[in-house]
Amino acid sequence: MRIACIGGGPGGLYLAALVKRLDPGHRVVVYERNAPGDAFGFGVVLSDETLGGIEHADPDVHAALAKSFARWDDIDVHYRGTTATSGGHGFSAVDRRVLLGILRDRCAELGVELRFRTEAPPLEELERGHDLVVAADGAGSAVRTAHAGHFGTTLDRRACRYMWLGTDLVFDAFNFHVLETPYGVVQAHAYPYSERESTFIVEMHEKVWRAAGFRDPGLPPGADDTESVRRCAELFAGVLGGHRLIPNGARWRSFTTVRNRTWRRGRTVLLGDAAHTAHFSIGSGTKLAMEDALALAACLHEHPDPDAALEAYEAERRPVAQSLQRAAQASLEWFEDIGRYMGQEPLRFAFNLLTRSRRVGRENLRLRDPGFVAAVDAAFERAAARTAGPRGEGESGAESGPRPAMFHPFRLRGLELKNRIVVSAMDMYSAEEGTPGDFHLVHLGSKALGGAGLVMTEMVCVSPEGRITPGCAGLYAPEHEEAWRRITGFVHASSTAAIGVQLGHSGRKGATRLMWEGMDDPLEEGAWPVVAPSPIPYRPGVGQVPAELDRAGMDGIRERFARSAESAARAGFDLLELHCAHGYLLSGFISPLTNRRTDRYGGDLDARLRYPLEVFEAVRAAWPAERPMTVRISATDWAEGGTGGDDAVRIARAFAAAGADAVDVSTGQVVADEEPAYGRSYQVPFADRIRAETGIPVIAVGAISSHDDVNSLILAGRADLCALGRTHLYDPQWTLHAAAEQDYAGPGADWPVQFSRGSRRPPTGRTDGPRPRLELLRHPDQGPAHRRWRPGSRR
């Protein structure tokens, strides 16, 4: 093959060397516009996984690198005059100039044609003369920019400014230095990369940057912003201790996340930063580029046809890059908003920083450094003890091992929950004319017996017209109250769980089929009229156009909510949650995408909140004063022009002022064309922000699936309670099993006496290898009673 590589950075050079090593018959040329000795930046961090791949692919390159590595195990977090150290991390770094020299020498040895100080010919010319063109020309890739429409390029410019510097201070660990200055919070990311020097990256939010008087001086390319370097040295004088900061084309930059819909255009392919970028706080672009090169070289070797090779390369690397970008996005946003965490005590702050990407949790840190995690646990234990109420049932008795964060109690008004686990509200669509039956008794009862602190009903509708489907449960008739009393009675008599009711009205999303018959599809017969703040259907052209509520209709629905709350109190519920999320009636008033009213209930956010707050206040007045009341909100609509994070904070504050004891922070489902950013714990950042900026207790939801997730979120201070839905469908006794897996048998993890013999994990009968996977998905012929569990049929 004839291969042209545009860009002589680590990714391009490493690819060229690997391709020639695998098949010396390939003709490979590398175009690099800079001189061989030019290198921007300082140290490059490589993970053990990447180094393992390098050693396997080319032992000579690995051996040369190994002679120059700086290695360390610790991360030091310097904050408010304290240093918290977490060990066992295992980093390696090398001088970027050394790395490039090793790769250049290897390319020359293998016969790669290197053309430095040479601009690459036009892409069309390269494509005519080569079988493959690799664009490894960096985050500002000219190839990608010229064909951005084809690649589907998006560029996300972030809110922090940073400057990449070096220093002759040699650190002995990866250091995070967090400074509180008169202008705001400034942080440095610093690590050693040789026996003489370290990388020192200064970062701050653009608002802080401007308040500190920094500006872009408009220097020519390659010139140093010497005045900014001097100012940074002043800011970090206490850290540097007389050592100097070293510039190398030093200038202020804003990190830009590069994403592409595809990395291929014919036989031209993007590699490294040209294809994807990830914030430096989670991993170096060099590391990603070299991993790309490993994958592309292997695919070219395995697939003689270049088209098949490029398809295989993108199929292999895209999921990896996307996963890392999600983690990097969480990390960069954490640093953008670092100011909101400055009130945290030092150990919690350090734990929060170390788990910011949501890829590393408590368990991972415990395996690396048990002492650090034990200190974090102890600090949380002390803080929890200061705020805990009087000991209740289940709070006595011997504990087995340290108490995980998830098993600490939590008080909401007059209700103390035995632990921090909530069974999230999940619609079952199995009521008869609004009346819950045996299915609900078993469903909710099994979750209560399974160890959760709080079990929530599905959305219970306040009127027949407020149902989503004919199978939705209600609290608008005497028989409903009696049926719910049977369920709450069982929960209270047979478990130590609390049970909460979620009250709601479907609004424009009503009169649809049961979930397994077609979610959101309109009923073919038996439909009832639907209402909404504005006459906008959920799906244009599908189903009814809702009638716009008038004053009389709004008053009537508000009274329905209040009467249902009174009924819920008589039925024995411990907590009431008002459903103001997911595009149902009250949520419809809040979102500007669904509320186009011109009266006092439409317009700005305060006006759009007016009716939901009126309903909340009516319910709060009808609900017993000693029992807590929460509200579920959609913190973002995941759609342009809809509500977002800033709005969510204002919404939470408004409901808290009206008497909400906690905010259940969900997202989306408001409009049909939403574009959610799915991923691990993807909704948690919204709860985290509300908690940090308002101090209101929050319930976090959204792809939280392990006890490590829960413990990590609570220890970091991102949530007070965690609600898990599908996890509890998969395993109704998930909370008790989580206790057993953590070897914990103390308060908050009390097994029903009938189940006590199961409180330790039974032997599996296997001595090695993974446990067999339990398949729960039923065959469609088994009927709707089984299909209603479908959302929980995958782990």
Side-chain angles (χ1 to χ4, degrees), residues 3-7 9 11-12 15 120 122-124 126-127 130-158 254-279 282-283 285 287-300 303 305-333 357 636-642 644 667-668 671-680 682 703:
I3 301 172
C5 186
I6 305 172
L15 173 72
L123 182 60
E124 292 73 15
L126 286 175
E127 289 175 332
H130 296 83
D131 302 296
L132 177 67
V133 178
V134 180
D137 50 345
S141 170
V143 172
R144 187 198 66 230
T145 300
H147 302 283
H150 174 86
F151 290 116
T153 305
T154 61
L155 304 176
D156 180 15
R157 181 182 180 275
R158 301 307 306 179
S254 297
F255 188 83
T256 299
T257 301
V258 176
R259 298 181 178 89
N260 290 282
R261 184 182 62 250
T262 180
W263 299 347
R264 294 172 287 152
R265 178 182 176 271
R267 292 189 175 177
T268 294
V269 64
L270 305 178
L271 182 144
D273 282 352
H276 46 70
T277 59
H279 191 251
I282 203 67
K287 168 189 176 309
L288 279 173
M290 293 184 72
E291 289 175 352
D292 282 356
L294 279 165
L296 180 55
C299 290
L300 289 169
H303 301 277
D305 174 39
D307 294 323
L310 295 186
E311 183 178 354
Y313 160 67
E314 186 164 357
E316 176 182 334
R317 286 297 295 167
R318 176 177 288 280
V320 177
Q322 288 175 333
S323 176
L324 193 71
Q325 283 190 313
R326 285 193 294 270
Q329 186 77 6
S331 180
L332 73 84
E333 288 177 1
S357 72
T636 177
D637 293 342
W638 299 116
E640 185 176 355
T667 63
V671 291
D673 59 348
E674 63 176 8
E675 296 183 2
Y678 289 120
R680 182 176 182 178
Y682 72 106

Aromatic ring pairing Phe255/His279, orientation class (parallel under 30°, perpendicular over 60°, tilted between): perpendicular
Heavy atoms from other residues, nucleotides or ligands near CD of Gln322 exceed 12 (cutoff 6.0 Å): yes
Leu155/Val258 under side-chain contact (heavy atoms from CB on, under 4.5 Å): CA gap, chis, key distance, verdict: CA-CA 5 Å; Leu155 304 176; Val258 176; 3.8 Å; yes
Taking every non-hydrogen atom, the tightest pair across Ser141 and Asp137: OG-OD1, 2.7 Å
Short side-chain to backbone donor-acceptor contact, Arg318 and Arg261, under 3.5 Å: yes
Asp292 vs Tyr313, side-chain contact (heavy atoms from CB on, under 4.5 Å): CA-CA, chis, key distance, verdict: CA-CA 8 Å; Asp292 282 356; Tyr313 160 67; 3.6 Å; yes
Donor-acceptor pair, side chain of Thr268 and main chain of Glu127, under 3.5 angstrom: no
Heavy-atom closest contact (Leu126 atom, Ala4 atom, distance): CD2-CB, 4.0 Å
Heavy-atom pair of closest approach, residues Asn260 and Ala274: ND2-O, 3.4 Å
Spatial distance of atom CG (Leu332) from atom OG1 (Thr277) [nearest 0.5 Å]: 9.0 Å
Counterpart residues, side-chain hydrogen bond (donor to acceptor under 3.5 Å, both in side chains), relative to His150 (two or more places apart): none
Identified side chain to side chain contact (heavy atoms under 4.5 Å, CB included) counterpart of His147 within the set Thr153, Leu270, Leu123: Leu123
side-chain contact (heavy atoms from CB on, under 4.5 Å) between Arg158 and Asp156, worked out: CA-CA 6 Å; Arg158 301 307 306 179; Asp156 180 15; 2.9 Å; yes
Exercise: do Gln325 and Thr257 side chains pair donor with acceptor under 3.5 Å: no
CZ-CG distance between Arg317 and Leu294, expressed to the nearest 0.5 angstrom: 8.5 Å
Ala327 backbone acceptor or donor facing Arg680 side chain under 3.5 Å: no
Enclosure of Glu640 CD (heavy-atom neighbours >12, cutoff 6.0 Å): no
Check against side-chain contact (heavy atoms from CB on, under 4.5 Å), Trp263 and His276: CA-CA 9 Å; Trp263 299 347; His276 46 70; 3.5 Å; yes
Closest heavy-atom pair and its distance - Thr667, Trp638: OG1-NE1, 2.9 Å
Minimum-distance pair of heavy atoms, taken over all atoms of Asp131 and Arg267: O-CD, 3.1 Å
Partner set under side chain to side chain contact (heavy atoms under 4.5 Å, CB included) for Ala308, not counting sequence neighbours: His303, Asp305
Minimal non-hydrogen separation, Ala289 against Leu271, with atom names: O-CD2, 3.8 Å
